[in-house]
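Here the structure comes first, spelled out in structure tokens, and everything after it is commentary.
Note that these values count all heavy atoms, side chains included, but never hydrogens, waters or copies made by symmetry.
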Amino acid sequence: MDVDAVWDDLSEVEVAPPGELPDITFCSNHALSLPDRDGFLLAQMATEERHDEPAYFKQWCTNRDIPTEQLRTDVPFEGCGDARWHPGRRLLWGGYGPRTDLEAYREIADRYDVGVVPLELTDDSYYHLDVCFSAIDEQTAVVCPDAFTDAGREKLDTLFETLIEVSPEAAQDHFACNCHSLSGDVVVIEESNHQTIHALESHGYETLHVSTDEFMKAGGSVACMAFPY
């Protein structure tokens, strides 16, 4: 990839330069793909440090004639970091608490006529839904039960046939839940998650192991840099 060419493509963005945005590589936080592949709903970042990041994603879309929209509600909403579509269904899982406000999901549900299952995150250690939950396919998810309330765990048990559970240590230190499913067949996952890799393979999934140790120092792994669409 020609990095200079990428930034030249985004040169019209009139916000902080990329060098001043240390977490911009975690692109999944910048937007949510809309139902029926109709474009993207841009994020509204919770922290000042990340405030300008979605502007780059918006410009990338504009350059390719991809429509983008914004929330009408002025509340934090961190895109696919917290909002994850259920594979094969018109259903959105919505993590809220540390970074995203529950009110954002009320607007999304009404505005786009989709079902939303809100999941309250119990601790700031689970700052995004994608560090404690990953839907592998319509029936299976990787989850860290410690991240959710009793009501949240009940919702997960009800809507998935199989939950592959990981420990708080695996979720927080090795980003076991921050994996990314490719078409429901292959799961890309940080290579240090030996137990989760074994569990996935025992359920019939192929796994692709990658090293994300430098990115984990900044608080993200595979799913944070993979944009589901």
Side-chain angles (χ1 to χ4, degrees), residues 1 23 25-30 32-33 78-89 91-95 97-99 117 119 121-150 152-229:
M1 177 183 294
D23 293 324
T25 188
F26 300 132
C27 61
S28 72
N29 305 153
H30 299 161
L32 170 69
S33 56
E78 298 215 345
C80 290
D82 273 325
R84 312 293 293 190
W85 290 108
H86 192 121
R89 303 187 192 181
L91 181 69
L92 187 69
W93 293 89
R99 301 284 179 87
V117 183
L119 291 173
L121 304 179
T122 59
D123 189 287
D124 285 353
S125 298
Y126 307 107
Y127 40 86
H128 279 149
L129 182 62
D130 68 5
V131 299
C132 50
F133 165 88
S134 179
I136 304 303
D137 56 28
E138 188 171 353
Q139 306 299 337
T140 303
V142 177
V143 300
C144 177
D146 184 64
F148 305 105
T149 62
D150 290 343
R153 288 192 291 270
E154 184 175 349
K155 294 173 186 176
L156 292 163
D157 281 332
T158 299
L159 290 171
F160 286 99
E161 286 186 7
T162 302
L163 295 178
I164 298 174
E165 297 185 357
V166 306
S167 67
E169 179 186 7
Q172 295 175 27
D173 297 342
H174 299 276
F175 291 82
C177 297
N178 200 245
C179 51
H180 179 64
S181 175
L182 302 176
S183 303
D185 299 316
V186 180
V187 181
V188 186
I189 186 169
E190 155 57 33
E191 63 184 6
S192 62
N193 290 293
H194 306 297
Q195 289 185 330
T196 307
I197 289 169
H198 176 73
L200 284 163
E201 291 178 348
S202 70
H203 283 84
Y205 299 101
E206 182 181 348
T207 60
L208 177 62
H209 318 157
V210 295
S211 172
T212 62
D213 52 346
E214 290 300 313
F215 296 101
M216 289 194 294
K217 294 175 183 177
S221 186
V222 176
C224 293
M225 296 179 285
F227 203 100
Y229 184 41

Contact check, side chains of Val187 and Leu182, non-hydrogen atoms, under 4.5 Å: no
Phe148 side, atom CZ; Thr122 side, atom OG1 - distance, nearest 0.5 Å: 8.0 Å
Step-by-step side-chain contact (heavy atoms from CB on, under 4.5 Å) determination, Glu201 to Ile197: CA-CA 6 Å; Glu201 291 178 348; Ile197 289 169; 3.7 Å; yes
Minimum side-chain heavy-atom gap Leu119-Leu129 below 4.5 Å: yes
Side-chain donor or acceptor of Asn29 paired with backbone N/O of Gly79 under 3.5 Å: no
Thr207 side, atom OG1; His209 side, atom NE2 - distance, nearest 0.5 Å: 3.0 Å
Any residue meeting side chain to side chain contact (heavy atoms under 4.5 Å, CB included) with Glu138, in chain and number order, not counting sequence neighbours: His86, Arg89
Any donor-acceptor pair under 3.5 Å from Asp130 side chain to Asn178 backbone: no
Tyr205 and Ser181 side chains, donor-acceptor separation under 3.5 Å: no
Which residues share a salt bridge (Lys or Arg N to Asp or Glu O under 4.0 Å) with Arg84, sequence neighbours left out: none
Gap separating the CZ atom of Phe215 from the CE atom of Met225, nearest 0.5 angstrom: 4.5 Å
Side chain to side chain contact (heavy atoms under 4.5 Å, CB included) involving Ala147 - partner list, sequence neighbours excluded: Tyr126, Cys132
For Glu191, all residues meeting salt bridge (Lys or Arg N to Asp or Glu O under 4.0 Å), sequence neighbours excluded: none
Residue pair Val222 / Phe175, side-chain heavy-atom distance below 4.5 Å: no
Working for side-chain contact (heavy atoms from CB on, under 4.5 Å), residues Leu200 and Ile189: CA-CA 10 Å; Leu200 284 163; Ile189 186 169; 4.2 Å; yes
Side chain Ser134, main chain Cys179, donor-acceptor under 3.5 Å: yes
Donor-acceptor pair, side chain of Thr212 and main chain of Ser221, under 3.5 angstrom: no
Glu206 backbone acceptor or donor facing Asp185 side chain under 3.5 Å: no
For residues 157-170, tabulate all N or O donor-acceptor pairs below 3.5 Å that involve a side-chain atom, not counting sequence neighbours.
from, atom 1, to, atom 2, distance (Å)
Thr158, OG1, Glu154, O, 2.8
Ser167, OG, Ala170, N, 3.1

Minimum side-chain heavy-atom gap Lys155-Trp93 below 4.5 Å: yes
Those residues that, when tested against Asp124, pass salt bridge (Lys or Arg N to Asp or Glu O under 4.0 Å) (two or more places apart): none
